[in-house]
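Both backbone and side-chain heavy atoms feed into the values below; hydrogens, waters and symmetry mates do not. Labels below follow one simple rule: chain letters A, B, ... track the order of the sequence lines, proteins then strands, and each chain is numbered from 1.
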Amino acid sequence: MSAGDRTPPPAAPPVDPVDDRPSASAGGAGTLRRALTALWHDPPAVAGTLVLLVLLVVGLAGQWLAPAGTNDVDVDQMLRPPSGAHPFGTDELGRDVLSRVLVAARVSLQVGLVSVGIALAVGVTVGLLAGWYGGWTDNVLMRGMDVLFAFPVLLLAVAIVAVLGPGLVTATTAIGVVYTPIFARVTRAGVLAVREQVFVRAAVSIGTSDLRILRRHVLPNIAAPLIVQTSLSLAFAILSEAALSFLGLGVQPPAPAWGRMLYDGRGFVTDAWWLGFFPGAAIFLTVLAFNLVGDALRDVLDPRQLTVSEARRSTR
Amino acid sequence: MSGAAVPSPRVAGDTPVLEISDLTVTLGTRNGPARAVAGVDWSVAPGETLALVGESGSGKSMTVLAATGLAPRSATVTGRVRLLGRDLTDMSGSDRRRWRGRHVGFVFQDPMTTLNPVLTVGRQVAEACEEHLGMSRRQARSRAVELLDLVGIPAPGRRVDAHPHEFSGGMRQRVVIAMALACEPALLIADEPTTALDVTTQAQIVELVADLRRRLGTAVVWITHDLGVVAGIADTVAVMYGGRIVEQGPVDAVFVAPGHPYTRALLAARPRPGAAGEELAAIPGAPPSPLDLPPGCAFWPRCPVRGDARCAHELPPLVPLTPAHRVRTFYPAAAAGSRDDAAGRPAAGSRPAGDDPAPSTPEDR
Amino acid sequence: MGRFVLRRLLQSVVVLLGVTLVVFLLLQLVPGDPVRVSLGTRFDQQTYDALRERSGLDRPLVVQYLSYVGNALTGDLGVSFRSGQPVTTIVLERLPATLSLAVTAVLLALLVAFPLGVLSAVRSGSLVDHAARVFSQFGVSVPDFWMGIMGILLFAGVLGWLPPSGYVALTDDPVGWASHVALPAAAVGLVTASILTRFIRSSVLEVLAEDYVRTAEAKGLRPRVVVVRHVLRNALIPVVTVVGVQLASLVGGVIVIEVLFAWPGVGRLTYDAVQARDYPVLQGAVLFVATLFLLMNLLVDVLYARLDARITLR
Amino acid sequence: MTRSKIVAAALVVALTALAGCSAGESVDVDGGSTAGGSTGGTLTAAIGGEPDQLDPHKTSAYYSFQVLENVYDTLVEPDADLKMGPALATKWTTSSDQLTWTFTLREGARFSDGSPLTAQDVVYSYRRIIDEKLNAAYKFATVKTVTAPDPATVVVTLTAPTPNLLANLGGFKGVAIVQKANVESGAIKTRPMGSGPFTVASYTSGDTIKLTRNDAYWGPKPKLDGVTFTFVKDPTVALQNLRGGEAQWTDNLPPQQVPTLKEDGAVTVATTPSTDYWYLALNEARKPYDDVNVRRAVAFALDREAITKAAKFGQATANQTAIPKGSSWYYEYAPYRHDPDQARQLLGGAGVSSRTMDLMVTSEYPETVTAAQVIAAQLKDVGITVKIRTLDFAQWLDEQGKGNFDAFLLGWLGNIDPDEFYYAQHRTGGTFNFHKYSNPTVDTLLDQARTQTDEAARKQTYERAAKQIVDDASYIYLYNPDVVQGWSRKVTGYQVRSDRAIRFRDVALNR
């Protein structure tokens, strides 16, 4: 996808216009390459990717890009509307909203990436074990996941944050926990399908170790749904973080977070629309970008995956 | 069959029930246009059975679907189609829908998916009568009972209110046939109606259709990839490959003297009685992608005769072998033997499988 | 069918036990002594001991858990640290507000999603379809609380048409209720509508590709008949599931919107309990909601099985 | 009927005289009869949050007291100038040694269920607070016995002279007279039974508390049929409710809008300086805050005007002592100007160059969170990096109790007598001395002032203590917020009080 990628785009996927499902044997690297190529041909996905790139830059370099410090309190400049000096206006403490929105990108990305990372690591491990070993291991692990799945997402996150105390770390953990079962389920379903395939059975018959089979044969073959799930979960996780912050349970002041800015600005929305508008728009754009990319990936990698479970698992 | 149904008007003399000329269908796909059917002509007379034969993807189903206005929305259809003397291509969409529904019955391949799972079979069998014959719901139901009885479903009065999943595959196909016959159509289009069934049931269904045709005088277009079925039921046969007709003629003539290498290969590939368990002689290679048809003969990459460069670059015309028997090849009957079991077999066998330099996508399954 | 229901029921019981365990263990995760924390300045040994004994925190963990489950079965979810009222009473008091919001939101969502989803599938590739896809992409990406804030800004602030927040019981004053529920239900409903639009669209598209739809078309039925009789009946079966699931998750999950709009439902109760460290109420509300969520999901699955006769064959 | 009216009128006159009201102040003697009692309407008051419970002895939430102010009576109560005057007690006498106080109860005082309120109820209420060590127990620290020699007389004996006993017994509804049966049935948590002008009719958790007029009330009959309290956390919403007519009264106005609201006049907005104060406390049990110079440095580093502006949008007065101007206890003293150089110098002198300060604030009072961010910015200028820790209140209190903080921000609300707050907060070992301040001089002064019966001398003692407390920067006082309340133009007879007590008994609603 980068400009440096010199490989010519492969010819349009071969044959049969009716069936464009990828062949099951494509491995992880191939999956990713195919996905990236396909993204390049989908305008919304390109837009989403560009937004994400910008976000990444802002997330990494927000401090330096921000025209002012995030905590430059100036009581003589309180609640000023957008102007040349403050393109997004100032907040109730006279701080530059643009700077805070820029710096807050890092929090959102960080919580999103880390929590989904946790969910991915734990969920995939659980799913692999449950799917591969079956029997009691499967039963115990998956019933455990069912239990976590039995709570509405935000409720569980709020409950976890409530007992552990609000803050960045607990919010990240809570979101990670909440999104774990979906990865476990996706992984397990994939493992069950792959387990019966010839190359896996062959590997078992020649005595390859379980760990090696899982890593070399199983994981690459379930990469597609996992990639899709990851990108969509990122969107949900960022929304969840914003919701927690909006409840005052996420990152604590004075550190800026989009949800928290909405929370703090709530009392002033009717006087100062910019306090409510810009942070919300930032959340929206970020989530939208992840969704666009995620949807495009799904179309390419896993076209039949709009399932009940996805509808079940949004942000609530 | 003493019901209130009004049969399709029987056309006078030898006016074909369905007449297709120069039909071309192009499908818009994500990967560009795909020409599924190209310049197809054929007709079927009242009471006649036409068998449309070819591998899957050869365009035989698309031909009839496009002809009757059932092509997917992405398709562009050109050419002329006359049903009972009326030009379907000139009609408005809704006229065409009515005309088709009234005069053509369809039997599709898989009875498991052809029936709507949430409606009773009776409702599905007779709803066309409500639509086209102005029957009331009640009349339609008793008509459905009659039809179920006609196709040999036991206890039709009770079964009429059952849902499809309560029927076996063979019984379902009988339901589908009953449904196709609901308005006593002039034409029955049977699109591989036996493929999804076991052998015994297949025979029963074939027999049922033949019997109904005799009793009702319906014209039949029978689509199949299995030449074995064709011999028993069809009057004429049209073989399709890559969206075109490659050979067409009376069943006897085609079976006795197949003019096209592809027909010969198909005949060779057909399972023969007494050879059960024997490996079928499959045709090496794969049919061409409709996205990427060669300029010349579509069969050329797989052709055992192979001919010369002309085959690759120039489309062979349909040439008559006899007035009713036409073949699309530059080498008609050149290698044709006289007996069907000899025909093509040595030719097909002369090239070892796997040594096929087909340009199309070697890694593709 | 019967066996399927029984199996799902048993599964739900197991999961429910797990849920009680999680909810019970939540309290064990509280850093420090929850009773001490909840008492704050009002700390004195007597009250502390009394509260601790009342909440049974002086007994062994296993005993505590068993009695928690036992009590929960009889509808006793403990007593609020804060107000001393039974948790069950408090939660039940809040339920009507939440239900009325959730149901309104789902109805509103269906009102939009149903025509939009069906139309965009039937006319796939058309302008309507594109509009629907933009709408649903927008809806799933926009935070509902932001929509809520923008709604307040516009309809309560600039236009002054609707009250910015608050609650009037439907039974007290239907008009007042409607004017109060409009903004929060729209904010929540937008997201739900997007999810449903997508789902209905894909479900209808899937059915449109079914052979029996081609059969129906082959019969020459009018397009409307084909869509209504053959397509929708089948396409709506999975949609029922998703609507049910959405409703279930709204009943338990509209915390943010309830807080934003001062809607006295279960979500805000949960939030208030968090703020006040009223652990029995937090536990009770979470357990209650999770149970409800589970039961509604069970109901939806059973309903789905009933509606989709094919499932019995599998 | 006529007779009781005359009695009531006589009582009111007597009451007025006893309370020492100035002659110019109007007393609505026959308010009960003119309103007719049936057409007063119901006033909806939007308050900023929900009471935790309605047991006056057990709750500590201001939201509860907003409601309970109108439900309960105390023996005595503060008037508009916060002077203690009669309520359930019509008069009282003090023995010459100041150790025995005898109160005479009002004739005809009844609980809202019609049962009489007697001296036994007073004894029961006080014993409950003392014996069960409830929140207000510290107000009875010097009380030895409470007895009821007859149904109309309560005798309180003390272990030491307690000049502020009246403030202790009537300063807020946390020392209200409750009904034993109501307590024992447990109903007091949601359906408290008082003798005040209104009684709780219904309580919908999360939504409203509805009061109806108490027809058994001993005072002038309230003009309103009832008062409905709704809980509106968001000030913008409360304002909109007020403007839209859904509420007729609120104390939860968006501070940034108060100046325009006052001008615009669509609703009545009144402000009065409150007796509340907000402060920063540094933990003297931790280095380097045990060093007075470090504390003074922090005091110099702060720009109180900016903090006040940010936290309250000008609806507050910066102050370096606890007591606001206008109070009879006010003491003018402001040694700290905003002077970062001075602060740096002091810090340098104390050997503190740069350090981090753990500042604990609570989301329960958002202004602490706001103020903390301004303070953080100001302290950064003098080399102190502030790490703000926002906790919910229960956890905050827990941490405060354990001393787990470098500094915290909080307010002290509804103050009447200095003993209450100075002693608890600055006396060595005081109940609220969580920051471990200890200065023997201050201890002596506070001990002395507690029992001083001469008011002028007592005031002087407190001034000396206050000066020392400020000099030591035991607390770094920040500001006294204004009481800001707004009500519809239909509301008449409402008075904003500096102790934030909200009394609807004299209010009428025009239509």
Side-chain angles (χ1 to χ4, degrees), chain A residues 44 143-144 146-156 158-166 235 239 242-244 246-249 258-259 262-263 265-266 269-271 273 276-277 279-281 283-292 295 304 306-316, chain C residues 11 14-16 18-19 21-23 26-27 29-31 137-138 140-146 149-150 152-153 156-158 164 191 195-196 198-199 202 238 241-242 245-246 248-256 259-260 267 270-271 273-275 277 279 282-283 285-286 289-290 293-294 297:
Chain A
R143 287 302 85 76
D146 285 352
V147 169
L148 289 184
F149 218 70
F151 296 91
V153 174
L154 197 61
L155 183 78
L156 185 58
V158 165
I160 294 173
V161 175
V163 292
L164 296 180
L239 268 181
L244 283 180
F246 183 70
L247 293 174
L249 299 174
W258 293 331
L262 288 177
Y263 171 82
R266 198 153 48 117
V269 262
T270 42
D271 308 313
W273 58 269
F277 181 78
I283 301 170
F284 169 62
L285 277 181
T286 309
V287 176
L288 182 68
F290 276 110
N291 272 333
L292 288 175
D295 280 358
R304 284 190 286 196
L306 184 70
T307 57
V308 177
S309 89
E310 185 199 330
R312 238 173 239 233
R313 214 64 185 165
S314 54
T315 52
R316 294 191 177 118
Chain C
Q11 223 172 19
V14 173
V15 172
L16 196 57
V19 166
L21 190 64
V22 168
V23 168
L26 274 182
L27 201 59
L29 287 175
V30 175
Q137 193 61 265
F138 176 82
V140 293
S141 303
V142 75
D144 50 7
F145 50 92
W146 188 48
I149 292 175
M150 293 294 113
I152 292 175
L153 193 59
V158 177
V191 180
I195 295 170
L196 290 182
R198 270 182 178 213
F199 197 84
S202 80
T241 329
V242 176
V245 168
Q246 284 296 314
S249 67
L250 286 192
V251 168
V254 278
I255 302 180
V256 185
V259 169
L260 177 63
T270 315
Y271 177 71
V274 169
Q275 298 289 307
R277 309 234 132 209
Y279 295 108
L282 177 64
Q283 278 185 314
V286 171
V289 163
F293 190 62
L294 208 65
N297 279 324

Problem set entry | Heavy-atom pair of closest approach, residues A:F151 and C:V19 | CZ-CG1, 3.6 Å

For this session: Return the option, out of C:V289, C:L196, C:I255, C:V23, with the maximum number of heavy-atom pairs under 4.5 Å with chain A.
Result: C:I255

For this session: Examine whether an atom of C:Q275 lies under 4.5 Å from a heavy atom of chain A, and if so say whether it belongs to the side chain, the backbone or both; otherwise answer neither.
Result: side chain

Problem set entry | Contacts of C:Q137 that satisfy side chain to side chain donor-acceptor pair (under 3.5 Å) - sequence neighbours left out | A:D295, C:R198

Exercise. Between A:I283 and C:W146, is any pair of side-chain heavy atoms under 4.5 Å apart?
Worked result: no

Exercise. Looking only at heavy atoms, what is the nearest atom pair of A:F246 and C:V256, with distance?
Worked result: CD2-CG1, 3.3 Å

Seminar exercise, completed: Turns out that what part of C:L260 lies under 4.5 Å from chain A's heavy atoms comes down to both

Problem set entry | Under 4.5 Å from any heavy atom of chain A - which part of C:L26 | both

Problem set entry | Nearest heavy-atom neighbours spanning A:P152 and C:S249 | CB-O, 4.5 Å

Exercise. Given a strict heavy-atom distance threshold of 4.5 Å, which part of C:V22 is in contact with chain A: side chain, backbone, both, or neither?
Worked result: side chain

Seminar exercise, completed: Among A:L285, A:L247, A:D146, A:L288, the residue with the most heavy-atom pairs under 4.5 Å to chain C is A:L247

Problem set entry | Segment of A:A289 engaging chain C (4.5 angstrom heavy-atom cut-off) | neither

Exercise. So which heavy atom on A:F284 is nearest to which on C:F138, and how close?
Worked result: CZ-CD1, 3.2 Å

Exercise. Ignoring hydrogens and geometry, is there a side-chain-to-backbone donor-acceptor pair from A:W273 to C:M150 under 3.5 Å?
Worked result: no

Problem set entry | Interchain contact, A:F277 with chain C, by part (heavy-atom threshold 4.5 Å) | both

For this session: Kindly give the heavy-atom pair with the smallest separation between C:V140 and A:L239, and that separation in Å.
Result: O-CD1, 3.8 Å

Problem set entry | Portion of A:L244 that has a non-hydrogen atom of chain C nearer than 4.5 angstrom | neither

Exercise. So which of C:G18, C:A273, C:A285, C:A156 has the largest heavy-atom pair count under 4.5 angstrom toward chain A?
Worked result: C:G18

